[in-house]
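Below you'll find the structure, written out as structure tokens, and then a few comments.
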Amino acid sequence: MNQLPLYKKLLKHFGKQHWWPTTTNNPQFEIIIGALLTQQSAWRNVEKAIENLKKEGLLTPKAIAETNIHKLEACVKPTGFYKQKARRLRKFAQYIQKQYSGNLELIFSKPLEEARKELLSLEGIGAETADSILLYAAEKLIFPIDAYTTRVCERLGIAKGNYNELQHFFHSNLPKNLEVYKEMHALIVELGKNYCKTKPVCPSCPLRKQCSFYTSKTKT
DNA sequence: TCCCAGGCAGGGC
DNA sequence: GCCCTGCATGGG
């Protein structure tokens, strides 16, 4: 099964999503900060937090590694779970600073599976966050599976299973193209944010005719 | 007022 | 392995 038609349909409907937005000259590290902060919180609140960090000069591994934890907590407060996020952010910065002198390329240039395992071993980095970092910061061909992706796949009836199974599905059915991977993940999130909520079908969803609730329970 | 947001970790079973 | 809970602020 080729998922390029789905990609084109979503792209036409929603337009380019321009993920992952960054504002500094250290985009890789900023993407990682965003990936940790956006967990279970809206992106607009992440933007507030990153703006706070920028004002305090806290957008480099060295600065975050050395900062006072309470200052960091105040910056990331808008994203919620601020104590654990501040701690995870500082621990990550300290790790990168100590092991690699702040140079992320030294991790990203490792073999993909090795880099992924290393990220997963750090506090606060699970499968989705690791894969988002690898796709958007390291620019590796790896597809993140988030809650929206699971929900959308189920409702469209295109795939089901655990994280690894869904990821394997996309790896097998998407063209091996970095921009497609980046855009497809963002487009699925956009679809999930707007639709896949009501039953039996979301009236204005561009994919409503493919929705399992539509085809099984609604006629014409 | 209630529910959700671009999850993760730790516990129980 | 899967399911549950705590973590917490901001916006609809």
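Every chain is numbered from 1, with letters handed out A, B, ... down the list of sequences.
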Any side-chain donor near an acceptor of the partner, A:Thr23 and A:Lys54, under 3.5 Å: yes
If we count only N and O atoms by modelled type, under 3.5 Å, do the side chains of A:Glu118 and A:Tyr95 hold a donor and an acceptor together? yes
Whether A:Arg151 contacts B:dA5 is assessed here as follows: a side-chain N or O lying under 4.0 Å from the phosphate OP1 or OP2. Is that the case? yes
So A:Val189 and A:Trp19, do their side chains get closer than 4.5 Å, heavy atoms only? yes
Check the distance between B:dG6's P and A:Phe81's CZ and give it to me in whole angstrom. 13 Å
Which of these nucleotides, B:dA5, B:dG7, C:dT9, is closest to any side-chain atom of A:Ala42? B:dA5
Are A:Glu73 and A:Lys83 ion-paired here, with the side-chain N under 4.0 Å from a carboxylate O? no
Please tabulate the protein-to-nucleotide N/O contacts below 3.5 Å involving nucleotides 10-12 of chain C, giving atom names and distances.
residue	atom	partner	partner atom	Å
C:dG10	O4'	A:Asn45	ND2	3.4
C:dG10	O3'	A:Lys48	NZ	3.1
C:dG11	OP1	A:Lys48	NZ	2.5
C:dG11	O4'	A:Arg44	NH2	3.1

Between the side chains of A:Asn52 and A:Glu56, does any donor sit under 3.5 Å from an acceptor? no
Using atom P in both nucleotides, what's the gap between C:dC3 and B:dG6 to the nearest angstrom? 23 Å
Does any donor atom in the side chain of A:Glu30 or A:Thr22 lie under 3.5 Å from an acceptor atom in the other side chain? no
What distance, rounded to whole Å, do you find between the two P atoms, one in B:dC8 and one in C:dG10? 22 Å
Per-pair stack call A:Tyr148 and B:dA5, 5.5 Å, 30°: no
Is A:Gln39 side chain donor-acceptor paired with the B:dC8 base, going by distance under 3.5 Å alone? no
